[in-house]
> 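Here it is, the structure in full.
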Amino acid sequence: MGETVLRVSNLNVFYKNRDRKLFSKADKKIQALKGVSFEMEEGQVLAIAGESGCGKSTLARAIVGINKDYTGEIYQKYDRPQMVFQDPYSSLNPAKKIGWLLEEPLRVDKTRKWTEEERKKRVEEIMEEIELPLSMLERYPSQLSGGQRQRVCIGIALMRSPKLLIADEPVSALDVTIQAQIMALLQNLHKKHGISIIFISHDLRVVYHISDYVMIMKDGCVVEKGKTDDVYRNPQADYTKELLNAAGIRA
Ligand SMILES: Nc1ncnc2c1ncn2[C@@H]1O[C@H](COP(=O)(O)OP(=O)(O)OP(=O)(O)O)[C@@H](O)[C@H]1O
Ligand SMILES: [Mg+2]
């Protein structure tokens, strides 16, 4: 603990305006993040919460390099942060078997060459981490349950041992018991490997359960951030109070 793994300074992220009217003049841009700043220390679990459209995914995609149109600074101690998405089905190629999908990050690894044997060994290690039987390597995504598919997505993200994992609503598409299992898996990975995790959720109960720190966003801005315990016990911003109340959590 202690070293900064991620520092975001005054981040503004822009999108092209998709609903531009025909024959309207210059492409106007939409600013989805406005001056977002925060820092994360090694081994932390930081939750990002806030209503739909506040910019959580936009922030995640800027950190992993998908959103490139931004100003401000994103410092990262390590390269290759990995992301897990909400919908475990659409993020898996349905035409490929689980074994192939897990191996893919190694096949395309530009930093080193993995032999077939090394790839197989790594896949087996990861299957143990994500608690799936090896027999599932031969299946297609459609032959797995939603929870199993999300385990595979987490596994793919872990293949190259990232130091930072960004999970964007990773359990929202799953039913409650499966949610709990996936949360437990993420917590285990965190404990065992000390991976720093950014956990995006609109569910403040889940956030309380998993995170050390929390950042509340609204309309592209950071409204409040701090230790999860402190923010939940003594929220400063009215908006945070509103969210906690709406979730049935009393400060
Ligand atoms: N590709 C895009 N082009 C234009 N606008 C976008 C694009 N993606 C997102 N936006 C807009 O940026 C804002 C932030 O969206 P974002 O997806 O980051 O929200 P979010 O907090 O992740 O919401 P949710 O909880 O629903 O996932 C929204 O107003 C959204 O409409
Ligand atoms: Mg989102």
Side-chain angles (χ1 to χ4, degrees), residues 45 47-48 52 56-57 60-61 63-66 80-193 195-203 205-207 209-210:
V45 179
I48 300 178
S52 183
K56 304 180 295 294
S57 299
R61 290 195 301 257
I63 295 167
V64 298
I66 302 171
R80 297 198 309 273
Q82 290 295 311
M83 193 153 161
V84 176
F85 297 90
Q86 172 172 355
D87 179 355
Y89 197 54
S90 63
S91 42
L92 296 174
N93 182 341
K96 299 292 184 188
K97 289 181 178 171
I98 303 305
W100 189 96
L101 292 166
L102 283 165
E103 271 186 49
E104 185 60 2
L106 306 186
R107 257 184 249 111
V108 301
D109 189 349
K110 289 198 183 74
T111 62
R112 62 164 287 199
K113 176 124 184 66
W114 296 73
T115 64
E116 196 180 335
E117 203 178 316
E118 286 170 329
R119 292 201 303 264
K120 294 272 178 292
K121 184 161 166 279
R122 181 68 183 143
V123 165
E124 285 175 17
E125 280 168 16
I126 289 294
M127 286 296 272
E128 202 174 318
E129 297 266 14
I130 58 178
E131 296 160 14
L132 289 180
L134 293 178
S135 57
M136 288 196 177
L137 292 173
E138 290 303 313
R139 294 205 199 166
Y140 291 95
S142 62
Q143 297 169 321
L144 267 55
S145 72
Q148 289 166 342
R149 283 197 287 257
Q150 195 55 297
R151 284 175 193 271
V152 170
C153 293
I154 293 169
I156 291 171
L158 291 176
M159 283 302 287
R160 290 173 61 192
S161 312
K163 301 283 205 238
L164 174 63
L165 186 70
I166 303 179
D168 189 356
E169 305 265 12
V171 298
S172 306
L174 306 171
D175 68 45
V176 179
T177 45
I178 308 300
Q179 281 191 7
Q181 291 172 15
I182 298 290
M183 297 300 295
L185 173 67
L186 286 171
Q187 279 180 311
N188 275 343
L189 292 169
H190 169 68
K191 279 201 202 108
K192 199 164 148 200
H193 303 290
I195 305 177
S196 309
I197 300 181
I198 294 181
F199 185 86
I200 296 176
S201 177
H202 58 262
D203 186 335
R205 291 181 174 275
V206 173
V207 163
H209 189 63
I210 196 170

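Please read these numbers as outputs of a predicted model, since none were measured by experiment.
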> So do the side chains of Ser142 and Pro94 get within less than 4.5 Å of each other, counting heavy atoms only?
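No, their side chains stay 4.5 Å or more apart.
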> What's the separation between atom CD1 in Ile178 and atom CZ in Arg151, rounded to the nearest 0.5 Å?
8.0 Å
> Determine the minimum heavy-atom distance between Ile195 and Leu158, stating which atoms define it.
CD1-CD2, 3.7 Å
> Of all the heavy-atom pairs spanning Ile210 and Val45, show the shortest one and how long it is.
O-CG1, 3.5 Å
> Taking C-beta and beyond as the side chain, do Glu169 and Asp87 meet within less than 4.5 Å on heavy atoms?
no
> With a 4.5 Å heavy-atom cut-off, do Phe199 and Ile48 have their side chains touching?
no
> Rounded to the nearest 0.5 Å, how far apart are NE2 of His193 and CG of Asn188?
9.0 Å
> If I take atom CD1 from residue Ile98 and atom CG from residue Leu144, how far apart are they, to the nearest 0.5 angstrom?
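Answer for the CD1-CG pair, Ile98 versus Leu144, is 5.0 Å.
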> Are Met159 and Glu103 packed together at the side-chain level, in the sense that at least one heavy-atom pair is separated by less than 4.5 angstrom?
no
> Can you give me the closest heavy-atom contact between Lys97 and Leu137, atom names plus distance?
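Looks like CB-O, 3.6 Å.
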> Could you tell me whether Glu128 atom CD has more than 12 heavy atoms of other residues or ligands within 6.0 Å of it?
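Not more than 12 within 6.0 Å, no.
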> Quick check on side chain to side chain contact (heavy atoms under 4.5 Å, CB included): which of Glu125, Glu118, Glu117 does Lys121 satisfy it with?
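Option passing the side chain to side chain contact (heavy atoms under 4.5 Å, CB included) with Lys121: Glu125.
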> Could you measure the distance from the CG atom of Leu92 to the CD1 atom of Ile156? Nearest 0.5 Å is fine.
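Leu92 CG to Ile156 CD1: 5.0 Å, rounded to 0.5 Å.
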> What pairs with Lys96 under salt bridge (Lys or Arg N to Asp or Glu O under 4.0 Å), at least two apart in sequence or on another chain?
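Salt bridge (Lys or Arg N to Asp or Glu O under 4.0 Å) list for Lys96, sorted by chain: empty.
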> Can you tell me how far apart OH (Tyr140) and CD (Gln143) are? Round to the nearest 0.5 Å.
7.5 Å
> To the nearest 0.5 angstrom, please state how far the CD1 atom of Ile182 sits from the CD atom of Gln148.
9.5 Å
> Taking the side chain as everything from C-beta on, heavy atoms only, tell me whether Arg61 gets closer than 4.5 Å to Met83.
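In contact.
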> Is the closest side-chain heavy-atom distance between Leu186 and Leu165 below 4.5 Å?
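Of all side-chain heavy-atom pairs linking Leu165 with Leu186, at least one is under 4.5 Å.
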> Quick one: list whatever passes salt bridge (Lys or Arg N to Asp or Glu O under 4.0 Å) with Lys191, sequence neighbours left out.
none
> By side-chain contact (heavy atoms from CB on, under 4.5 Å), which residues pair with Arg80, not counting sequence neighbours?
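Once residues adjacent in sequence are excluded, the partners of Arg80 under the side-chain contact (heavy atoms from CB on, under 4.5 Å) criterion are Gln82, Thr111, Arg160.
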> Mind checking whether Glu131 and Gln181 have side chains closer than 4.5 Å, heavy atoms only?
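Not touching, per the 4.5 Å side-chain cut-off.
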> What is the minimum heavy-atom distance between Val207 and Ala47, and which atoms define it?
CG1-CB, 3.5 Å
> Do you know the tightest heavy-atom contact between Ser57 and Asp168?
OG-OD2, 2.6 Å
> Tell me the closest heavy-atom pair linking Pro170 and Ile200, and the distance in Å.
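That closest heavy-atom pairing would be CD-O, 3.9 Å.
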